[in-house]
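Below, chains carry the letters A, B, ... as their sequence lines are ordered, and counting in each starts from 1.
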Amino acid sequence: MIARKILVTAALPYANGPIHIGHLVEYIQTDIWVRFQKLRGQRCIFICADDTHGTAIMIRARAEGRSEEALIADMQAAHELDFAKFDIQFDNYGSTNSPENYKLCGEFWSALRQAGLVAQRDVSQLYDPVAGTFLADRFVKGTCPICKSLDQYGDNCDKCGSTYSPADLIDPISTLSGAKPEVRSSPHLFVELEKLHDFLEQWTQSGQHLQAEVANYLKGHFLGEPLRDWDISRPAPYFGFEIPDAPGHFWYVWFDAPIGYIASTAQWCQRQGEKLEDWWKNPDTEVHHFIGKDITYFHTLFWPGMLKTAGFNLPTMVHIHGFLTVGGAKMSKSKGTFIKAETYARHLDPAFLRYYFASKLGPKLDDLDLNLTEFIDKINADLVGKVVNLASRTARFARATGLAAEYPEDGGLFAQGAAAGEAIAEAYVSCDYAKAMRLIIELADRANPYVENAQPRSLAKDPARSADVQTVCTVALNLFRQIAIYLAPVLPRLAQQCGQLLNDPILHWQQSQAPLLGTAVNEFQHMLQRVKKEDVEAMIEESKDQTAAGNTTAGSTTGTTGGTTASTAALEAAGDGQWQDSGDALVAEPLTETCTIDDFTKIDLRVARIITAEHVPEARKLLKLTVSLGGDVRRTVFAGIKAAYEPEKLVGRLVVIVANLAPRQMKFGLSEGMVTAAGPGGEEVFLLSVDSGAKPGQRVH
RNA sequence: GGGCCGUUAGCUCAGUUGGUUAGAGCAGAGGACUCAUAAUCCUUUGGUCGUAGGUUCAAGUCCUACACGGCCUACCA
């Protein structure tokens, strides 16, 4: 058999936050696939890197008073350490901030230029004169130009949903410095993706490279109309690569991030004495990308377009997975389900998570739920009770004799297991790990009754029957070994331990097809500890302590999406030791521009009592409140607090409202004010209260 | 509102091109064993396969509608 050349990537984690268990779904999924391919004898390499560029990194480095390079070096070291703990084994782990990547970006760039796909036009963008930087959309807030809502981000309005340019915002402020941004026009470079429309249509709809639902999604959402030009340059200052033929302009982080896959491969080639062309410009090489559904767009439209234009291999397959939920809900810092990789590894065996994810992962892009009770049960029942137990209940008796020289009659168990190998392999290949695990555990379910019936315990008592003991142990340990081989992609350490126990390392899938005979058996050592409920609880508790609030989507990675807000060391160090308040909130929403007392008095804050509160059935976030300002002055106010408060519990309660806010016509009625609250939104909304004694209608000074 | 996916035993899920009394694991109940990490083994309870129609000799499996849930997208504070 000629080995296939398979190049596999997982999305590049952004250098702005630690690895958490949501990320790990992807890296574990990918690592299993790679280990499987290697075990089957394919030439398979696993390539990844840190994604390091962009405004967010620049801002954070600035806040921490150090260089971007120092920041990303620290983050990369932390990421690699976390991955190693989970046995995620990259062939090369690079960085998008590498000379190789710069060179390749140039290559892609020339190709795009030559193909006539680059257009230039001016973009008016807001500029922060204090921070001395152009402002990415999310670093500008102001009043929505469409619906006049206050405090909206620069790219789209949370309230009316309209999208616009940050330059259109009314009364914008920079969230970096609080300064009033100026509109500055600057030339930007665009990739005219529409010119590749036909190619992308054909490539995405071929039925070969994408999961069917993904192809449908693209067809419905993007390919049905002209593809928009893609703005891939950013004016200085920007942490990234300067565009060679456009001094003062930098490639947008999403331009150089996927090219990082190739750059990281180049580093591997350098080390291995291989040629990059053999891996990226070779029709015989398969390229497989594993990504989360949040970055589908980039990997299925832009990226193939770029590869096609620059003459690199197109992805053979883009494997897209869903998000992780914990206990059926999004990971939540306040609930302690936002679990960092590092925290998990301090409390529990990473192998457990690998097995659990494997047992839940299918080829679809459904979200995957980590149910902690199920987690405990599954690990203890499957891995400890069924699999490892096979070895632990027999290895001891086999020490004296070793394995028999001939494989005994076992009622066809080993042959059955060998025959199941191809079905298991197919399940791995198609990323249906759940099915693979099911099939494997079935083998263990058949093996244990064999041991039970064979009664090695009573045989062992009779010295005259040592041959029979050897027979039984030879069967049981071979069945165990067969299972360990099948599980090796998921549980590499177990495979290694099995190899040690039986003096024969597990190196190839094919070893599952013939029993191991005539070797010595070493002393049995515990292979896996059971999961203890207390350890899981301790992990959750510790995760709770870390930061204040905020639900975060347990998404995947690469680039500018899905990153968690970074806390800054500086702010945390300055925090009051007694309360341990995190600096995250301030980082997420920095202080605004200084205002005068006159500015403040323009806003008329009043104490009000909630008289009625009801759900607005059609609205997802809104409650309709009637508040009293005393006497018979009533106001109707819509408040976006549905996720955080039950209407019944609000009635009678005193709140603080903005009483002179211009009324606003909303879909569900006229809103005549605004209820004040703190928090990032969603379930994390906290209404302002006043101390007892205050009366409706009183002004807040 | 649009799109996609799902709805099978208390829980997690299998159910192949429609074909006999719908399966597994876990949990529950009873028993056995004590070699093993209180592991294992045997027996057993439990399902009008979301609802309503339809196609068919035959439907968990195909079609239609509806309900519920999830995700995406839009709308919407």
Side-chain angles (χ1 to χ4, degrees), chain A residues 144 147 149-152 156-163 211-222 224 293-294 296-297 322-323 325 328-330 356 359-360 362 364-367 369 371 373-398 423 432 434-435 437-439 441-442 444-445 447-461 469 472-473 476 524-532 553 616 618-625 637-643 664 666-668 671 674-675 677 681-682 685:
Chain A
C144 169
C147 74
S149 302
L150 296 171
D151 203 33
Q152 294 306 312
N156 66 70
C157 176
D158 228 5
K159 319 241 172 190
C160 72
S162 40
T163 54
Q211 288 130 300
E213 15 345 356
V214 177
N216 285 341
Y217 161 77
L218 294 174
K219 195 185 177 86
H221 284 89
F222 298 104
K293 63 184 180 184
D294 52 333
T296 298
Y297 184 51
F323 293 151
T325 55
K330 280 184 179 177
Y356 183 83
S359 76
K360 302 287 271 189
K364 301 267 185 86
L365 41 74
D366 301 328
D367 287 354
D369 188 51
N371 177 303
T373 310
E374 189 194 348
F375 173 81
I376 296 170
D377 290 347
K378 207 181 250 297
I379 299 304
N380 289 342
D382 292 357
L383 293 186
V384 179
K386 292 177 181 175
V387 176
V388 172
N389 191 39
L390 274 175
S392 73
R393 66 193 304 198
T394 53
R396 199 166 71 111
F397 301 118
D432 197 348
K435 183 174 186 182
M437 296 308 106
R438 242 184 358 254
L439 293 172
I441 296 302
E442 270 177 26
D445 277 334
N448 273 305
Y450 168 86
V451 179
E452 190 73 16
N453 295 332
Q455 304 203 2
R457 59 188 174 280
S458 32
L459 297 177
K461 285 176 190 157
V469 174
V472 174
C473 292
F524 179 78
Q525 293 177 339
H526 276 200
M527 294 177 171
L528 291 170
Q529 298 296 319
R530 325 191 93 234
V531 189
K532 292 200 292 279
T553 300
V616 184
E618 316 89 273
R620 214 189 291 163
K621 300 178 183 175
L622 294 181
L623 292 184
K624 181 180 182 181
L625 308 178
V637 176
F638 289 89
I641 57 174
K642 185 171 184 161
R664 180 160 164 264
M666 294 165 48
K667 184 173 173 185
F668 313 110
S671 188
M674 178 170 138
V675 176
V685 172

Worksheet entry | Integer angstrom distance from the C1' of U37(B) to that of G31(B) | 24 Å
Item to complete: Would you mind classifying the nucleic acid contact of Val451(A) as base, sugar-phosphate or nothing, using non-hydrogen atoms under 4.0 angstrom?
Response: nothing
Item to complete: Measure the distance between the ring centre of His526(A) and the centre of the six-membered base ring of U37(B), then answer whether it is under 5.5 Å with planes under 30°.
Response: yes
Worksheet item: Taking OP1 and OP2 of G6(B), is either one under 4.0 Å from a side-chain nitrogen or oxygen of Lys364(A)?
Response: yes
Worksheet entry | Integer angstrom distance from the C1' of A74(B) to that of U17(B) | 39 Å
Worksheet item: Of Val384(A) and Ala639(A), whose nearest nucleotide on RNA chain B comes first from the 5' end?
Response: Val384(A)
Worksheet item: Roughly how far apart, to the nearest Å, are A24(B) and C71(B) at atom P?
Response: 33 Å
Practice prompt. In whole angstrom, give me the gap between the C1' atoms of U55(B) and G18(B).
Written response: 11 Å
Response to the item:
Result for 5'-nearest mapping on RNA chain B, choosing between Lys435(A) and His221(A), is Lys435(A)
Item to complete: Could you tell me whether Arg396(A) contacts a base, only the sugar-phosphate backbone, or nothing, with contacts defined as non-hydrogen atoms closer than 4.0 Å?
Response: sugar-phosphate
Worksheet entry | Heavy-atom closest contact (Leu390(A) atom, Arg393(A) atom, distance) | O-CG, 3.6 Å
Discussion item. Once you apply a heavy-atom cut-off of 4.0 Å, does Lys360(A) come out as touching a base, just sugar-phosphate, or nothing?
Written reply: sugar-phosphate
Worksheet entry | Nearest-Å distance once atom P is located in both U45(B) and G30(B) | 15 Å
Practice prompt. Quote, to the nearest angstrom, the C1' distance that separates U40(B) from C26(B).
Written response: 16 Å
Worksheet, complete the sentence: Picking from C71(B), C26(B), C41(B), the nucleotide nearest the side-chain atoms of Pro449(A) would be C41(B)
Worksheet item: For the pair made of NZ in Lys378(A) and P in G25(B), what is the distance, rounded to whole Å?
Response: 13 Å
Worksheet item: What is the base-pairing partner of A32(B), counting Watson-Crick and G-U wobble geometry with both distances under 3.5 Å?
Response: U40(B)
Discussion item. Which nucleotide, if any, forms a Watson-Crick or G-U wobble pair with C66(B), using both distances under 3.5 Å?
Written reply: G50(B)
Practice prompt. Check whether any side-chain nitrogen or oxygen of Arg438(A) sits under 4.0 Å from OP1 or OP2 of C13(B), and answer yes or no.
Written response: no
Discussion item. Mind checking if Leu528(A) touches a base, just sugar-phosphate, or nothing, with heavy atoms under 4.0 Å?
Written reply: base
Worksheet, complete the sentence: By the Watson-Crick or G-U definition, both distances under 3.5 Å, U21(B) is matched with none
Worksheet, complete the sentence: Taking every heavy atom of Ala476(A) against every heavy atom of Val451(A), the minimum-distance pair comes out as CB-CG2, 3.8 Å
Item to complete: Could you state the atom-to-atom distance from CG of Asn216(A) to C1' of C71(B) in whole Å?
Response: 14 Å
Worksheet item: How far does the P atom of A9(B) sit from the matching atom of U48(B), given to the nearest Å?
Response: 9 Å
Worksheet, complete the sentence: In short, Tyr356(A) meets Ile379(A) closest at the heavy-atom pair N-CD1, 4.4 Å
Discussion item. Using atom C1' in both nucleotides, what's the gap between A52(B) and C68(B) to the nearest angstrom?
Written reply: 15 Å
Item to complete: Indicate the atoms forming the closest heavy-atom contact of Gly385(A) with Asn448(A), along with that distance.
Response: O-ND2, 4.2 Å
Worksheet item: Taking the side chain of Asp445(A) as its heavy atoms from C-beta onward, which of A32(B), U37(B), G25(B) lies nearest to it?
Response: G25(B)
Worksheet item: Which is true for Asn371(A) with a 4.0 Å heavy-atom rule: it touches a base, it touches only sugar-phosphate, or it touches nothing?
Response: nothing
Worksheet item: Closest approach of Phe323(A) and Asp367(A), non-hydrogen atoms and distance?
Response: N-OD1, 2.8 Å
Worksheet item: Can Lys360(A) and Asp369(A) be counted as an ion pair, charged N to O under 4.0 angstrom?
Response: no
Worksheet item: How is Asn448(A) classified with respect to the nucleic acid when contacts are heavy atoms under 4.0 Å: base, sugar-phosphate, or nothing?
Response: sugar-phosphate
